[in-house]
Chemist: 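Shown below is the structure under consideration.
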Protein chains: 2
Amino acid sequence: MTDKGQLAGFLDVLYQIQPLSTEAVDAVLSLCSLIPIRKNQNLQEIGRRCKTIYFVKEGLARIFYLKDGVEVTEYFAFENDLIIRAESLFTGKPSKKAIQALENTVFIGIPAEPLFSLFDQSPEIERLFRKVIEQAYVATVHRMETIQFHSAEERYAQLLDEKPDFIKRISLKHIASYLGITQVSLSRIRAAVR
Amino acid sequence: MTDKGQLAGFLDVLYQIQPLSTEAVDAVLSLCSLIPIRKNQNLQEIGRRCKTIYFVKEGLARIFYLKDGVEVTEYFAFENDLIIRAESLFTGKPSKKAIQALENTVFIGIPAEPLFSLFDQSPEIERLFRKVIEQAYVATVHRMETIQFHSAEERYAQLLDEKPDFIKRISLKHIASYLGITQVSLSRIRAAVR
DNA sequence: CCCGTCCTTTTACAAATGTTAAATAATCAG
DNA sequence: CTGATTATTTAACATTTGTAAAAGGACGGG
């Protein structure tokens with residue numbers, strides 16, 4: 001159980017998605033816990049089953065996995081962003097991915113089992129999380145588009161345009177793997193643009 | 001309103017995801033309509049708002065969009081697969097994508113507005129569609145992985161492995177754009193493998 | 001059956017990206 | 001502040017992929 005005041009910003013974000021009754025807010029809050037993780041430490045390790053829905057309260061985190069021994073970044077989460085390993089959470093399989101704090105980060109954790117039980121009593125909570133997942137789905141479809149048939153330069157230009165925060169706060173090696181290109185290639189592109 | 005018998009296969013697929021009461025099934029069915037589309041014709045055109053959730057009853061369809069005048073295939077839908085233009089349906093914006101039948105196809109269409117209204121009366125229906133979207137989300141995350149940091153050859157090999165049906169029923173030019181590579185590149189890869 | 005259209009492959013070449021290694025630059029711990 | 005570590009850039013070269021054009025193949029309509 002966590003203090004309402006501490007989570008005001010987070011609750012506000014949820015409210016924009018789907019307003020909840022006071023009771024429903026309290027029920028969700030009763031499941032929330034705050035989890036501080038230091039920079040470069042992992043919240044979740046590769047190979048474990050993911051049974052928790054996370055949001056970033058403050059800080060910055062990523063999901064990454066290993067491909068031929070090289071880290072590939074799948075996703076970045078900023079303040080109030082959802083961060084879940086969907087391929088494990090929704091399937092029950094062990095995840096091939098890790099969640100890592102890129103800055104000192106405080107996560108909000110909501111254990112999935114009790115949350116799903118809440119859905120039975122409170123359809124409005126289920127609706128909220130349905131919409132959260134819908135948004136995540138739309139974002140992922142959009143991200144696929146930005147990668148699918150685009151050159152390295154196009155991907156970088158689009159990222160600059162759509163997510164200028166990324167370049168400010170995230171190291172270039174992580175940006176590169178997020179774009180699906182090598183650090184060297186990204187460096188080259190930046191040199192050419194300049 | 002559509003006949004229960006005609007949609008037995010479809011209902012069975014839904015049942016595997018989330019069993020519904022008879023009343024709920026009837027309520028969903030009352031919204032379903034069958035839409036036959038001939039090979040190479042579009043069910044939905046680029047630029048229109050998407051207000052319908054589709055499934056493929058029989059046949060084969062794709063979602064595609066234009067990038068620099070070239071068609072890029074985002075998604076293929078086989079029998080009983082969901083096919084939605086999420087970036088329009090869940091945002092209300094006009095879609096940049098078209099839905100096209102690649103074979104003579106019968107779609108099942110469920111208008112979104114009445115369906116969302118049903119959710120208010122029947123949480124179990126909302127749950128069903130929450131899970132449908134969760135599955136679509138997981139599939140999309142997985143698909144992004146297969147593209148993000150993989151060579152053309154790796155993408156093709158993985159597709160052969162995971163979706164052998166694709167190669168059997170879909171023309172190579174569509175496969176190529178789905179993989180985010182050119183037809184020529186795909187031809188080259190096939191020649192090398194052989 | 002034949003013609004025309006569309007799909008697929010092949011070729012030759014250009015451009016983009018990966019790889020390896022080294023040189024700078026930035027950051028952090030002590 | 002200084003040395004060590006880590007991040008970023010640059011360079012040279014190899015490989016992959018794209019582009020354009022042509023040649024086969026497959027297929028459907030008349």
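Residue numbers begin at 1 in each chain, while the letters A, B, ... track the order of the sequences. From a predicted model like this one, the values you see are computed outputs, not experimental measurements. No hydrogens, no waters, no symmetry mates; every other heavy atom, side chains included, goes into these values.
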Chemist: Rounded to whole Å, how long is the line connecting atom CG of A/Leu179 with atom P of C/dT17?
Modeler: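 Result: 11 Å.
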
Chemist: In whole Å, I'd like the distance from the CD atom of B/Glu153 to the P atom of D/dT17.
Modeler: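 Atom-to-atom, B/Glu153 to D/dT17, this comes out as 8 Å.
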
Chemist: Heavy atom of residues 161-177 of chain B under 4.0 Å from DNA chain D: which residues?
Modeler: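 Going residue by residue through residues 161-177 of chain B, none turns out to have a heavy atom under 4.0 Å of DNA chain D.
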
Chemist: Is there a path of hydrophobic side-chain contacts, each under 4.5 Å between heavy atoms, that joins A/Leu82 and A/Phe78?
Modeler: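 A/Leu82 does not cluster with A/Phe78.
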
Chemist: A/Lys39 NZ to D/dT5 P: how many Å, rounded?
Modeler: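 These atoms are roughly 18 Å apart.
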
Chemist: Quick one: sort the B/Tyr54 and B/Phe107 rings into parallel, tilted or perpendicular, breaks at 30° and 60°.
Modeler: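 Rings of B/Tyr54 and B/Phe107: perpendicular, as their planes differ by over 60°.
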
Chemist: Would you please test B/Tyr75 and B/Phe64 for ring pair (Phe, Tyr, Trp, His ring centres under 6.0 Å) and show each step?
Modeler: CA-CA 7 Å; B/Tyr75 179 73; B/Phe64 75 91; over 10 Å; no

Chemist: Nearest 0.5 angstrom please: A/His174 NE2 to A/Glu71 CD, how far?
Modeler: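 CD of A/Glu71 is found 5.5 Å from NE2 of A/His174.
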
Chemist: How many whole angstroms separate atom CG of A/Leu102 from atom P of D/dA7?
Modeler: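 So the two atoms are 11 Å apart, to the nearest Å.
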
Chemist: Check whether any side-chain heavy atom of B/Ile133 lies under 4.5 Å from a side-chain heavy atom of B/Ile84, and answer yes or no.
Modeler: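 Yes; the side chains approach each other to less than 4.5 Å.
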
Chemist: Look up atom CD1 in B/Ile147 and atom CG in B/Leu179, then write down how far apart they are to the nearest 0.5 Å.
Modeler: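 Reported to 0.5 Å precision, the distance equals 7.0 Å.
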
Chemist: Cation-pi check for B/Phe90 against A/Arg130: NZ or CZ below 6.0 Å from the six-membered ring centre and within 45 degrees of the axis, yes or no?
Modeler: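 No, cation not above the ring by the 6.0 Å, 45° rule.
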
Chemist: Round to a whole Å and report the spacing from CD of A/Glu103 to C1' of C/dT27.
Modeler: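 After rounding, the gap between these two atoms is 15 Å.
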
Chemist: To the nearest 10°, let me know how far the axis at one end of the helix from C/dC1-D/dG30 to C/dG30-D/dC1 is tilted from the axis at the other, five pairs an end.
Modeler: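 If I round to tens, the end axes sit 50° apart.
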
Chemist: Using a 6.0 Å distance limit plus a 45 degree cone around the ring axis, check whether A/Arg143 lies over the aromatic ring of A/Tyr178.
Modeler: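 Yes, cation above the ring, under 6.0 Å and within 45°.
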
Chemist: To the nearest Å, give me how far apart CZ (B/Phe149) and C1' (D/dT17) are.
Modeler: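 Atom-to-atom, B/Phe149 to D/dT17, this comes out as 16 Å.
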
Chemist: Could you tell me how far apart A/Asp68 (CG) and C/dT19 (C1') are, to the nearest whole angstrom?
Modeler: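 It works out to 14 Å between those atoms.
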
Chemist: Of the residues in residues 180-189 of chain A, which ones touch DNA chain D at a heavy-atom distance under 4.0 Å?
Modeler: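 Here the set is A/Gln183, A/Val184, A/Ser187, A/Arg188.
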
Chemist: Starting from P on D/dT17, measure out to NE2 on B/His150 and report it in whole angstrom.
Modeler: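 About 13 Å, once rounded to whole Å.
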
Chemist: Fit a plane to each ring of B/Phe119 and B/Phe129, take the angle between them on a 0 to 90° scale, and name the class: parallel (under 30°), tilted (30 to 60°) or perpendicular (over 60°).
Modeler: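 B/Phe119 and B/Phe129: tilted rings.
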
Chemist: Ion pair present between A/Glu74 and A/Arg62, side-chain N to carboxylate O less than 4.0 angstrom?
Modeler: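 The answer is no: the pair does not qualify as a salt bridge.
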
Chemist: For A/Glu145, which of B/Lys96, B/Arg85, B/Lys67, B/Lys97 qualifies under salt bridge (Lys or Arg N to Asp or Glu O under 4.0 Å)?
Modeler: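 Going through the options one by one, the only one that passes is B/Lys97.
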
